[in-house]
K.L.:
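Okay, handing you the structure first.
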4 protein chains.
Amino acid sequence: MFGEIKGLNEECGVFAIWGHKDASQVTYYGLHSLQHRGQEGAGIVVSDGDKLSTHKGLGLVTKAFKEGELEKLQGHAAIGHVRYATSGGGGLLNVQPLLFQSQTSGLALAHNGNIVNANGVKSDLEREGSIFQSTSDTEVIAHLIKRSPHPTLEEQFKDALSTIKGAYALAVLTEDKLMVAMDPNGLRPLSIGRMGDAYVVASETCAFDAVGAVHEREVQPGEIVIIDNDGMRSQLFSKPADRQICSMEYVYFARPDSDVDQINVHTARKSLGKQMAKETPVEADVVTGVPDSSISAAIGFAEQSGIPYELGLIKNRYVGRTFIQPTQELREQGVKMKLSPVRGVVAGKRVVMVDDSIVRGTTSRRIVQLLKDAGALEVHVRITSPPITHPCFYGIDTSTKAELIASTHTTEEMREKMGADSLAFISIDGMLEGIGRSSQDKNCGQCLACFTGNYPTEIYEDTVHPHDKVMNS
Amino acid sequence: MFGEIKGLNEECGVFAIWGHKDASQVTYYGLHSLQHRGQEGAGIVVSDGDKLSTHKGLGLVTKAFKEGELEKLQGHAAIGHVRYATSGGGGLLNVQPLLFQSQTSGLALAHNGNIVNANGVKSDLEREGSIFQSTSDTEVIAHLIKRSPHPTLEEQFKDALSTIKGAYALAVLTEDKLMVAMDPNGLRPLSIGRMGDAYVVASETCAFDAVGAVHEREVQPGEIVIIDNDGMRSQLFSKPADRQICSMEYVYFARPDSDVDQINVHTARKSLGKQMAKETPVEADVVTGVPDSSISAAIGFAEQSGIPYELGLIKNRYVGRTFIQPTQELREQGVKMKLSPVRGVVAGKRVVMVDDSIVRGTTSRRIVQLLKDAGALEVHVRITSPPITHPCFYGIDTSTKAELIASTHTTEEMREKMGADSLAFISIDGMLEGIGRSSQDKNCGQCLACFTGNYPTEIYEDTVHPHDKVMNS
Amino acid sequence: MFGEIKGLNEECGVFAIWGHKDASQVTYYGLHSLQHRGQEGAGIVVSDGDKLSTHKGLGLVTKAFKEGELEKLQGHAAIGHVRYATSGGGGLLNVQPLLFQSQTSGLALAHNGNIVNANGVKSDLEREGSIFQSTSDTEVIAHLIKRSPHPTLEEQFKDALSTIKGAYALAVLTEDKLMVAMDPNGLRPLSIGRMGDAYVVASETCAFDAVGAVHEREVQPGEIVIIDNDGMRSQLFSKPADRQICSMEYVYFARPDSDVDQINVHTARKSLGKQMAKETPVEADVVTGVPDSSISAAIGFAEQSGIPYELGLIKNRYVGRTFIQPTQELREQGVKMKLSPVRGVVAGKRVVMVDDSIVRGTTSRRIVQLLKDAGALEVHVRITSPPITHPCFYGIDTSTKAELIASTHTTEEMREKMGADSLAFISIDGMLEGIGRSSQDKNCGQCLACFTGNYPTEIYEDTVHPHDKVMNS
Amino acid sequence: MFGEIKGLNEECGVFAIWGHKDASQVTYYGLHSLQHRGQEGAGIVVSDGDKLSTHKGLGLVTKAFKEGELEKLQGHAAIGHVRYATSGGGGLLNVQPLLFQSQTSGLALAHNGNIVNANGVKSDLEREGSIFQSTSDTEVIAHLIKRSPHPTLEEQFKDALSTIKGAYALAVLTEDKLMVAMDPNGLRPLSIGRMGDAYVVASETCAFDAVGAVHEREVQPGEIVIIDNDGMRSQLFSKPADRQICSMEYVYFARPDSDVDQINVHTARKSLGKQMAKETPVEADVVTGVPDSSISAAIGFAEQSGIPYELGLIKNRYVGRTFIQPTQELREQGVKMKLSPVRGVVAGKRVVMVDDSIVRGTTSRRIVQLLKDAGALEVHVRITSPPITHPCFYGIDTSTKAELIASTHTTEEMREKMGADSLAFISIDGMLEGIGRSSQDKNCGQCLACFTGNYPTEIYEDTVHPHDKVMNS
Ligand SMILES: Nc1ncnc2c1ncn2[C@@H]1O[C@H](COP(=O)(O)OP(=O)(O)O)[C@@H](O)[C@H]1O
Ligand SMILES: Nc1ncnc2c1ncn2[C@@H]1O[C@H](COP(=O)(O)OP(=O)(O)O)[C@@H](O)[C@H]1O
Ligand SMILES: Nc1ncnc2c1ncn2[C@@H]1O[C@H](COP(=O)(O)OP(=O)(O)O)[C@@H](O)[C@H]1O
Ligand SMILES: Nc1ncnc2c1ncn2[C@@H]1O[C@H](COP(=O)(O)OP(=O)(O)O)[C@@H](O)[C@H]1O
Ligand code: SF4
Ligand code: SF4
Ligand code: SF4
Ligand code: SF4
Ligand SMILES: [Mg+2]
Ligand SMILES: [Mg+2]
Ligand SMILES: [Mg+2]
Ligand SMILES: [Mg+2]
């Protein structure tokens, strides 16, 4: 059960380091702490000042890298990438960083996000003679850099970035330079830290804790940061727009121990839970969260409402992709793999079940069923994000609009479908307030497009979902 | 960090089913839900009424069994086993169930526990001509069954059980019979359930939820249950002693969603946390538990004390055995793999850190350090088991007495060593009360040997730790 | 094509060494040179004087043993085994050497051959309380040793051997002794050599060349050889019968570079080819052999007949067990995998095709077809063994009698079935003469049972084929 | 022994098919028969008329492709490639066919050979903005096609070919077209056949026999052949130069059952052996060939000289890349892995040892030693190619000039070094005559550059060895 239900999938995690003699090892540990952002593949490119070397593999970081392979990656600078789980195809060709070797030098790129005008740019490039081995945006960016008429790599990079539109947290490594960049809207998170004398960059600050680094600051919207033997310097490649960081990072993607744009994720989630308890209170006996993403919010809901927080649901921590799926018949007999109710906690109780989001609605329906089968008298579902009614074009693999249940059903219809006794979504304002960023900024500096349809960038007719871009297998 | 620190290791998990046409598949899902009881190896033996077939493999259930292998195991009855993680050696020969084939019939055994007079019995058997391919207790039991002069298998089984002493939850399968047995003290858990017309047996009731079965009752101390085409029948092979179920099943081993001997584990742990808050209260700002085993207790401590419960520590859920260990140098630079502090939660706070047990003390010391490095002002450690001062001979891989820090240090010395601001263990009475079993029974029906040294069975001079029994590689 | 056609399968290869500091490594190279005798699994047990250690694996020696595993096997003495390919089941439990650990010492056995009274002995043992984890003969021998009332291991070994009947080349290792034995009829080959100060034992002398050892002598029928720190000594455990070594070792099994019982295999095969050219000459343009086993014989036929020898058939050397079989449809379109005709050699020619044996006849039929399709005008088949009309009970996996085409068809019928222009088998006398052993001995000291039905040992009603003994998977 | 000695390595094998409903399966069997041309990696691209799909893997064809993967490659046209064994690096990125996906269509290329002006062309392309993911020539060709200003793919292809210089047998697949091409000198073999209505193309004709196809003709020097739904058509893209096919294909690379440019390889090799017996006869007792490549020549030498041909050397057929190398110490004790002498054949004999070529001389020295250690009285080495004194730039991984022993030593010096009693190479004229192509053509239409230094194409200053082109790992 549940194992097969895809909800939201984060696009990727990026890690980079400059100035550490064990650059590839540190990157390995950093990527491991970003593993929740992508489980399909992992790769590292390392520079020893002279040349770039790389290793990539499918699966978890620990599967992709074995002892010997890591040792071969000697150098003082590295970038690494974990790639999200995609059902259809993929294969090693699409695992990042991508590495391009010219006669004289190499260029490696690791990218989290999605370029919305990729198709158009690609057509232009193809007309000029470019050819592509993958359909990834990253390859487009590399072509733009190489084709830029500017004399220095930094200017070529700025030139390339001025052409692309969309969301990107980007790390680029050459033999003698590390460059990172953030899109003008700052849609995806990217932080800078220090590890002794070394510089580190990561999609989430939990990677800094994992490698013993100290968080320094965020990469700003429209900023390029260049790190080389002369140290770190920064410039803007675009007029600073309002930051509009992805709301779902707080609600679902990021790890609770990360600070996303300076706000701790666990704390934000707990506030979301409290906020919900205020907005849509309910009489009940226990509060439970759907693990792992909704534990923090459930704690908050309990604290605010005074209803005790309990472990009402257990997630089997050994569920992975190699699981043999039960047959339909066994499924009907109740065989399940991922979530179990804690019968002793929910039987005979009125249960508040807190979850982070509803995409297609199937998962929620099954959890409600689970709880009722385990004897729950009532199940009240509280969702700590507003209804998701529009697809995301910024690197998140939500379904298409038609598949988003909230775009075609009222809340009451959804409640009925899932068999819950009540169902409530947090309000947009409640979510903004819960996360707690200054209300000075428009939308408190957050992207709300999947709830409102107001996309912070242009959307092109042929804008594609990231998961439609994978072709080789 | 931490990955390498072994504390307690549960011996194994057992699952059995009779009367289901997809017996091996159901066993696969059952074993998967018992995976926390053993990650080194998994095996299934299935009977189709005519012959026994088996498959075993190293590693997690999902690694040991691939689609094709499961399909080959056709039959209506099965027993399965997951084996605990052992550092030294092991190999496929030691993965259970063990299967013995005679000219006319087969005999398969799956065992959780430890036979304390195994060495003596084995010497006797060898003198009579028995030879052994492993050093496991299970092989000893099989020999005793086969050598018994009694005419029927059931009587042979009883005969064998009357010879052995110690702890065992045992499942035995032949072509036409499933037999399960529990040692006279009832040291290890074993439950019976129904899945439609089929009978199921499992070390923990969470396996029943996983396969859609209904929990019926416990296998009683000194009881043999026989299931075959004539249904289920039961008899006692030994004078019923007082039940003395392992206390650590509640404190640490079992899954929170299991009911162990009719008491829900999460609820028991939460009570343990409450009990601690009463016994050794402390002024603090946040309560946090060491995941996953101490979350429930931390919730209880928070509820009782009124101090808010928070996720102060995050456990990386992708840590497994294939991790490349950081070098000493990287470790000193702060690279860690398993646990991260949630800086935003603990920085500038007085933290209560609840954990389940202290074996060698190294893990606790590191967690205290982690929290302090993340800015915790004070760290107050609360342990929901009494000090472990004696080794366990009943299937738990604690260290030898010399390694048990509590057997050689006072609580104050331990506190000092781990750098905590305060340290307290639950009292034995507090633990018994917390778990909540009727105080009519001696020790409320629980084994307390590792806290008191009063072993419920004889202990022989040559009694060995289970982890000293593995030889082949 | 052909890949799926099983003909004869040798049972196993045995290697042993005493007194070499890299005993396990040498055994690895020795087993590798015996790989043609068994590809299903390989194992080594090593003694360091104190204890026995083992590693086993499925597949080729190079797959079963990886660098690290070999290094762990430290000691000065070792026995090793390669196991034959079996279609049905098998698994790691059946890979040899088998290792039995008692409280005080270990016992490891590696065996090539087949015990014809295994079932009876096993029944007796089971009545006395023995239990078996496999159905292999080797386990029976171990039980007999352990149950022997005699005081010393050597006497126990002799005692055990006096109970069993059949074919065996056997190596037994304990912590401080290596013992090898040959059945009273000397049915299987086993040779002794020296490698510096060390003693080596192997199924074929090609293993001595592979490890740089010097061949010394054969283990004699009914002989036990004991090697320990006092050196080597020998005794007879049975009245010496006439040696009756397996004829098929010369015809098919052994490697051309081995000397089997002092006769070089290539030379013997070449003589068989010459003999055939004398017995059943034919007018033709080219002689070709079916690679690899019949190359030597084809060279001999060519030399004797004056017809030029050519490579008329090529065997793809990358065919292994992981090959994806062509569909029936592709097969009909001519897709083949193992053998190809050399069109330039056979087109428009009258071809003599020499092969070693005919079991079911399917392979020969297909090769004739191949050659005709490639343009051969005539195909004359010459088989360097007499018609195989009876099953082998001495360790060779021939089919049952019903499947042996020669037991139900005349030579003319077979010729017709396979579409050959002529077909001839060597005569029994011709074969004996070709191999060239002294005609003083009965049958020149060779077993002829599969051609004549006169078995050199008793055959019991329940004598089983070795391939029917494998049960676990 | 020997395992580690690299001599010559063929670059690759190419297979293509158009018009067969099981195109990928047939390609799999075709590649399998070309496996001797490359064991490092294998790949297939298939077209279903609409889109291209691909799968690649490292290792042998049977390892790279598993059942499921082949099934996913549905289509009526395919190209496939096997890649040669390279010691240094490589990895999946360098496995062919390379596949390039544009917005509207795909382009796949499989290439055997080497482009001598690749560096220069690449520099030009990079100046115009091309970027490269590998350093393979094939990527250069793809860029040239895409950048060609011509309107049709065929013209673009011709345009690209007019830019490159060197050796190439090339197959290009798009959704609706298969194109193959041969360099103007026809340096590498490439043949066309029919399989029912389907067209097949392969590096060697043995692939046609393997799939049941009929050989039709060679792709001519400077010819492009286009196959699509309108059938097959051909054109010349370059003024036809004299064909100069690689001599070493006859001497060493190709399979004996292949016809290379209409001459059967076994027959050619046998003639080379006869020719040698005429040029440099010797008194001896036996003739033996180094398996597998020199068996045919040894047969020829024997036939011509009247000295009997024997199997004097056996090659272990299980030697692969996973072998654990013996330590230096074991090597000195005589442990060897690949070749064994047949003691019974060579002991006390004067032996003629026929081999195909001498690159660094180490292998020959060891074989001479082997034979002498096995008792050979004299060893006379006969080499069926002239001394290799110059590197090959056409796709063969010979060593650099300095490593070629014949470029720095006289024949007498080489003989002395290898400890042979005599050593002779075939003469250039003898080789040309032996292979038997019409002497009308210059050099009988063969490349002789590695013997003479007269390269059939320009050689650029920066011409690189193919094995220096692999970078990613
Ligand atoms: N070790 C961890 N402990 C707690 N939460 C985690 C941990 N790792 C990841 N998370 C959170 O869990 C989220 C994944 O949510 P979860 O509910 O477990 O998965 P899903 O809903 O996809 O099955 C992550 O994006 C992150 O917020
Ligand atoms: N999916 C789960 N959710 C919560 N708790 C679990 C889960 N699976 C196992 N547990 C509990 O966690 C215990 C293991 O404790 P944990 O602290 O995670 O490991 P360790 O201390 O060995 O690193 C188990 O024995 C069980 O009580
Ligand atoms: N490296 C080798 N060279 C030549 N002959 C070999 C070699 N290895 C094994 N043999 C011989 O080939 C026999 C196997 O015969 P073969 O015809 O190749 O296989 P099959 O008939 O089973 O397909 C071996 O038993 C042995 O006599
Ligand atoms: N199945 C086969 N039978 C005979 N010859 C083969 C076979 N496969 C390949 N060959 C020939 O053997 C050559 C390889 O030569 P070989 O001497 O075996 O290898 P190496 O010298 O590289 O060790 C091939 O290029 C081909 O000519
Ligand atoms: S549309 Fe939604 S998921 Fe996408 S970036 Fe915006 S908030 Fe995040
Ligand atoms: S000694 Fe401790 S761990 Fe062992 S069974 Fe008793 S309570 Fe459990
Ligand atoms: S019966 Fe045949 S195969 Fe068996 S041992 Fe005798 S000769 Fe050999
Ligand atoms: S140089 Fe030698 S190896 Fe290279 S193509 Fe010419 S003949 Fe062949
Ligand atoms: Mg979730
Ligand atoms: Mg714990
Ligand atoms: Mg054969
Ligand atoms: Mg060779």
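As a basis for the values below, the full set of heavy atoms in this structure was taken, side chains included, without hydrogen atoms, waters or symmetry mates. Each chain gets a letter, A, B and so on, in the order its sequence line appears, and its residues count up from 1.
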K.L.:
Checking the side chain of A:Gln74 only, and the main-chain atoms of A:Glu71 only, is there a donor and an acceptor separated by less than 3.5 Å?
P.N.:
yes

K.L.:
Is chain B contacted by the side chain of A:Asp22, its backbone, both, or neither, given a heavy-atom distance below 4.5 Å?
P.N.:
side chain

K.L.:
Would you say the side chains of A:Ser293 and A:Asp356 form a donor-acceptor pair under 3.5 Å?
P.N.:
yes

K.L.:
Of all of A:Ile295, A:Val26, A:Asp292, which one pairs up most often with chain B through heavy atoms under 4.5 Å apart?
P.N.:
A:Asp292

K.L.:
Between B:Tyr318 and A:Thr62, is there a donor-acceptor pair closer than 3.5 Å when you use the side chain of the first and the backbone of the second?
P.N.:
no

K.L.:
Hey, which of B:Val345, B:Val265, B:Thr267, B:Val342 has the most heavy atom pairs under 4.5 Å with chain A?
P.N.:
B:Val342

K.L.:
Ignoring hydrogens and geometry, is there a side-chain-to-backbone donor-acceptor pair from B:Ser258 to B:Val260 under 3.5 Å?
P.N.:
no

K.L.:
I'd like to know if the side chain of A:Ser191 pairs up with that of A:Glu218 as donor and acceptor (distance under 3.5 Å, no hydrogens or angles considered).
P.N.:
yes

K.L.:
Measure distances from A:Asp257 to the heavy atoms of chain B and classify the residue's part below 4.5 Å as side chain, backbone, both or neither.
P.N.:
both

K.L.:
May I ask you to decide if A:Arg255's main-chain N or O and A:Glu204's side chain share a donor-acceptor pair within less than 3.5 Å?
P.N.:
yes

K.L.:
Considering only heavy atoms, which portion of A:Ile299 lies under 4.5 Å from any heavy atom of chain B: side chain, backbone, both, or neither?
P.N.:
side chain

K.L.:
Between B:Gln25, B:Lys21, B:His215, who has the most heavy-atom pairs with chain A when the cutoff is under 4.5 Å?
P.N.:
B:Lys21

K.L.:
Can you say whether B:Ile263 sits under 4.5 Å from chain A via the side chain, the backbone, both, or neither, judging by heavy atoms?
P.N.:
neither

K.L.:
Does any heavy atom of chain A fall under 4.5 Å from the side chain of B:Glu329, the backbone, both, or neither of them?
P.N.:
side chain

K.L.:
Are B:Tyr199 and B:Glu216 linked by a side-chain donor-acceptor pair shorter than 3.5 Å?
P.N.:
no

K.L.:
Measure distances from B:Leu330 to the heavy atoms of chain A and classify the residue's part below 4.5 Å as side chain, backbone, both or neither.
P.N.:
side chain

K.L.:
Who wins among B:His32, B:Gln35, B:His20 for the most heavy-atom pairs under 4.5 Å with chain A?
P.N.:
B:His32

K.L.:
Where does A:Glu303 contact chain B at under 4.5 Å (heavy atoms): side chain, backbone, both or neither?
P.N.:
side chain

K.L.:
Quickly, which of B:Leu272, B:Thr288, B:Val287 forms a side-chain contact (heavy atoms from CB on, under 4.5 Å) with B:Phe301? Name it, please.
P.N.:
B:Val287

K.L.:
Does one side chain, of A:Arg437 or A:Tyr250, offer a donor that lies under 3.5 Å from an acceptor on the other?
P.N.:
yes

K.L.:
Given that the side chain runs from C-beta out, which part of A:Tyr29 has a heavy atom under 4.5 Å from chain B: side chain, backbone, both or neither?
P.N.:
side chain

K.L.:
Measuring heavy-atom distances to chain B, does A:Leu70 have an atom under 4.5 Å in its side chain, in its backbone, in both, or in neither?
P.N.:
side chain

